[in-house]
Novice: 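Below you will find the structure I want to go over with you.
Computed over heavy atoms, backbone and side chain alike; hydrogens, waters and symmetry mates excluded. Below, chains carry the letters A, B, ... as their sequence lines are ordered, and counting in each starts from 1.
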Amino acid sequence: MSELPYKIVIGLEVHVQLATQSKLFCRCSTQFGAPPNTQTCPVCSGMPGALPVLNREAYRMAVRAALALNCEIPEFTKWDRKQYYYPDLPKGYQISQFDLPMSQHGHLAISDPKNRFEPKRVGIIRAHLEEDAGKSMHDEQAGTADSRIDLNRCGTPLLEIVSEPEMYSPEEAKAYLTELKLLLTYLEVSDCNMQEGSLRVDANVNLHIPDPEAADGPPIATPIVEVKNMNSFRAVERALHYEADRQWEVWQESHQRLGDVPKQTRGWDENAEITRGQRSKEESSDYRYFPDPDLVPVVMSAKETAEIRNQLGELPAALRKRLEETYGIKPYDSDVLVNQGRALVDYYIELAEQCGDGKLASNWVQQDVLRLLNEREISIDDYAVRPSAFAELLAKVQDGKLDTSRGREVLAEMIEAGLSVADAMEKLGIAEVDDSELVELCQSLIAANPKIVADIQAGNLKAAGALIGQAKKQNPNVNPSRVRELCIELSSEAS
Amino acid sequence: MSLSASDVEKVSLLARLLLTPQEIEALTSQLGQIVEYVDQLGEIDTEQVEPLAHAVELVNVWADDEVRPSLPRDEVLSGAPHRDEDSYLVPAVLGD
C-alpha cells in the first residue's frame with residue numbers, strides 16, 4: 001500500500017435480510033422465488049388504514065446480530081418514516097430508524113490469513129432494522145415502455161449495518177464482509193445469499209492525499225463516492241480498486257476536495273469492469289424523517305438484552321482460537337475450517353478427538369473431505385464417512401499400517417461402496433504386512449543390492465528410494481516409510 | 001415561518017408532482033396557511049418537557065413470526081391503474 005501516493009478510505013453499508021418466516025410488520029411470507037405479487041397484503045402493499053405490527057422474532061434476530069457486533073443496545077428505540085417516492089415503495093415511505101436506532105457503537109475484528117494487513121477492529125457506527133422495498137423489472141429486449149413491479153419483497157426485515165470509514169484497502173473491505181457474513185451465518189439470523197439479494201453491499205470511498213503544502217498537516221480528502229450494484233465480494237474488491245484509480249485520475253485533473261461537489265453515486269458494471277455515474281444522491285434531509293405514528297416504541301431491559309447475549313453461542317473468532325489452542329493447528333487452518341460453517345467444524349472436532357491428532361485430522365478434512373464436498377456440491381451432513389470410521393482409518397495411517405496414498409484409496413472405497421475400513425482394505429487387497437515379514441523382505445533387498453547399500457552407507461539416504469520401489473513391486477501392501485526406515489537401519493548394520 | 005414558492009417546488013419534485021406556475025402560487029398560499037396553523041405549537045414553552053416519541057403510552061406491541069395467508073393476487077392488482085397478469089405496470093424505471 002505504501003507505494004501509492006494516496007490512502008484509500010472505505011466505509012461499508014451492508015443490508016442483510018433476516019431469516020424470519022414472515023415480514024417485519026405483517027404476516028406475509030418472506031419466501032424467496034414465489035410468483036410475483038402473491039405474498040402481499042394491505043400492510044405491505046401500502047393500502048390506506050392498514051396497521052403494521054412488529055415481528056418479535058425479527059427484533060430478537062437484530063439484537064443477536066448487534067450484540068455479536070459488540071454494539072450497545074439502548075433500552076429505548078423507535079420507528080421513523082423515511083420518505084421517498086419510488087414505484088417499488090407503495091407507501092411512499094420506508095419504515096426505518098433514524099435518530100434512535102436499536103444499536104450503535106460496535107466493532108468487528110478482522111485479520112488476514114495471508115498477512116496482507118495487520119489484524120484490526122473496524123468500528124460499527126450503527127445497526128438498525130428497516131423494511132425492504134419491492135422489485136422493479138424492466139425488460140429492455142421487449143422494448144415496452146413499462147416496468148413491472150413485484151411487491152413480494154416489500155416489508156421483508158432488513159438489518160442495515162453501517163461501518164466507520166476505517167478500511168484502508170479493498171482487501172480489508174473484503175475481509176470485513178467475509179467475517180460479517182460468517183458471523184451472521186453462525187448466528188443463524190440470515191442466509192446471506194448474495195444471489196438472492198439477502199446480503200447487499202454499498203461502499204463509500206474516497207482518497208486521503210498528503211497535503212503538499214503542509215506535510216505535517218491533515219491530508220486532503222477527495223469527494224466521497226457511493227458505489228452500488230456489486231453482486232459478489234469479489235466484485236466489491238474489484239470495484240474498490242477501480243474506484244481508487246479513477247478518483248486519483250480525477251483528483252489530478254480537477255483538484256476537487258470533499259465538499260466541493262455533491263456526493264456522487266456510481267454503479268459497478270461487472271462486464272465492463274468500471275463504475276458508472278448514477279443520479280446524484282438526494283440530500284439526507286430530503287427524506288424528511290419523522291416518527292411513525294403507526295408503531296409504538298420498543299423498550300428492552302438490560303436483563304433481557306443480557307439473556308439474548310447469553311444465547312449467542314460460540315462465534316467464529318472464539319471458535320478459531322479454541323481449535324488452535326485445543327488441537328494445535330495453525331491460524332490459517334482454523335480459518336479454513338471455521339469458514340466452512342459450524343457443521344463442518346463439529347465434524348472436525350469429533351474426528352480430532354477420536355483420532356487424537358488434530359493436525360492430521362485437519363489435513364485430511366481440508367484436503368480430502370473439502371475437496372469431495374466441493375466437487376459434489378454437498379454438505380458435510382451428506383458426507384458418507386462418519387468421524388468414527390474416519391478415525392479408524394486415520395489410526396491405521398498413524399500406526400504406519402497405511403501410507404497416505406493407500407489411505408486415500410481406502411477412503412475412496414469407503415465413500416463409493418459404503419464400506420468399513422476393514423472391508424475397504426480387504427476389497428483393495430490391502431493386507432497389513434507383518435513387521436517380521438517386512439524385515440525379511442528388506443534383508444533380501446539389502447543382500448541383492450550392495451551398490452545401493454554402499455550409497456546409503458556413504459550418507460546418500462535418497463538411494464533408499466530405489467529399494468522402496470523394489471519392495472512395492474514384491475508386495476504392494478508394504479508401507480514405504482517403514483521400508484525406508486528398515487532399509488536404512490539394516491544398511492548401516494550391513495558390512 | 002412562511003412558505004416560499006421554491007419550498008413548494010422542492011416538495012412537489014420530491015412527491016413527483018408536476019405543477020403549473022398557477023398551481024404553485026395557489027399551493028404556496030394554501031400550504032403556507034396550514035404550516036402557519038401548525039406553527040402555533042411553537043408558541044408553547046417546552047424547555048422543561050421531556051421529548052415524546054409517541055402519543056400513546058404503549059410499548060412493545062409484537063406479533064409472533066407466523067405466516068398467515070396473503071391476499072389473492074387478482075384482488076391485490078385489481079386497484080392498479082395498469083397491470084398485466086402478474087404485476088403492476090408503471091412508467092419505465094431505468095438506471096438503478
Novice: Looking at B:L71, B:V56, B:V76, B:N60, which one has more heavy-atom pairs under 4.5 Å with chain A than the rest?
Specialist: B:N60

Novice: Pick one of side chain, backbone, both or neither for A:D292, based on which atoms fall under 4.5 Å of a heavy atom in chain B.
Specialist: backbone

Novice: Using a 4.5 angstrom heavy-atom cutoff, name the option from A:E57, A:K23, A:R148 with the most pairs to chain B.
Specialist: A:R148

Novice: For A:R81, is there an ion pair with A:D294 - N to carboxylate O distance below 4.0 angstrom?
Specialist: yes

Novice: Based on non-hydrogen pairs under 4.5 Å, which of A:Q21, A:Q31, A:Q39 is most in contact with chain B?
Specialist: A:Q21

Novice: Are A:D99 and A:K78 ion-paired here, with the side-chain N under 4.0 Å from a carboxylate O?
Specialist: yes

Novice: Using 4.0 Å as the upper bound for N to carboxylate O, is an ion pair formed by B:R73 and A:D150?
Specialist: no

Novice: Measure the spacing between CZ of A:R200 and CE of A:M230 and express it to the nearest 0.5 Å.
Specialist: 13.0 Å

Novice: Flag the one option from B:V61, B:V11, B:L77 with the top tally of heavy-atom pairs under 4.5 Å to chain A.
Specialist: B:V61

Novice: Could you pull out all residues at least two apart from A:N55 that satisfy side-chain hydrogen bond (donor to acceptor under 3.5 Å, both in side chains)?
Specialist: A:S22, B:D65

Novice: Below 4.5 Å from any heavy atom of chain A, which atoms of B:A55 appear? Answer side chain, backbone, both or neither.
Specialist: neither

Novice: Taking atom CG of A:L54 and atom CG of A:L24, what is their separation to the nearest 0.5 Å?
Specialist: 6.0 Å

Novice: Which value, rounded to the nearest 0.5 Å, describes the distance between A:E226 atom CD and A:T275 atom OG1?
Specialist: 12.5 Å

Novice: So what's closer than 4.5 Å to chain B heavy atoms on A:P35: side chain, backbone, both or neither?
Specialist: both

Novice: Find out whether the Lys NZ or Arg CZ of B:R16 is both under 6.0 angstrom from the six-membered ring centre of A:Y85 and within 45° of the ring's axis.
Specialist: no

Novice: Go through the atoms of A:F25 and report whether side chain, backbone, both or neither lie under 4.5 Å from a heavy atom of chain B.
Specialist: neither

Novice: Under 4.5 Å from any heavy atom of chain B, what part of A:L100 do you find: side chain, backbone, both or neither?
Specialist: neither

Novice: Heavy-atom distances under 4.5 Å only: say whether A:P291 touches chain B with side chain, backbone, both or neither.
Specialist: side chain

Novice: Looking at chain B, which one of A:C28, A:P297, A:C41 has the largest number of heavy-atom pairs inside 4.5 Å, strictly under?
Specialist: A:P297

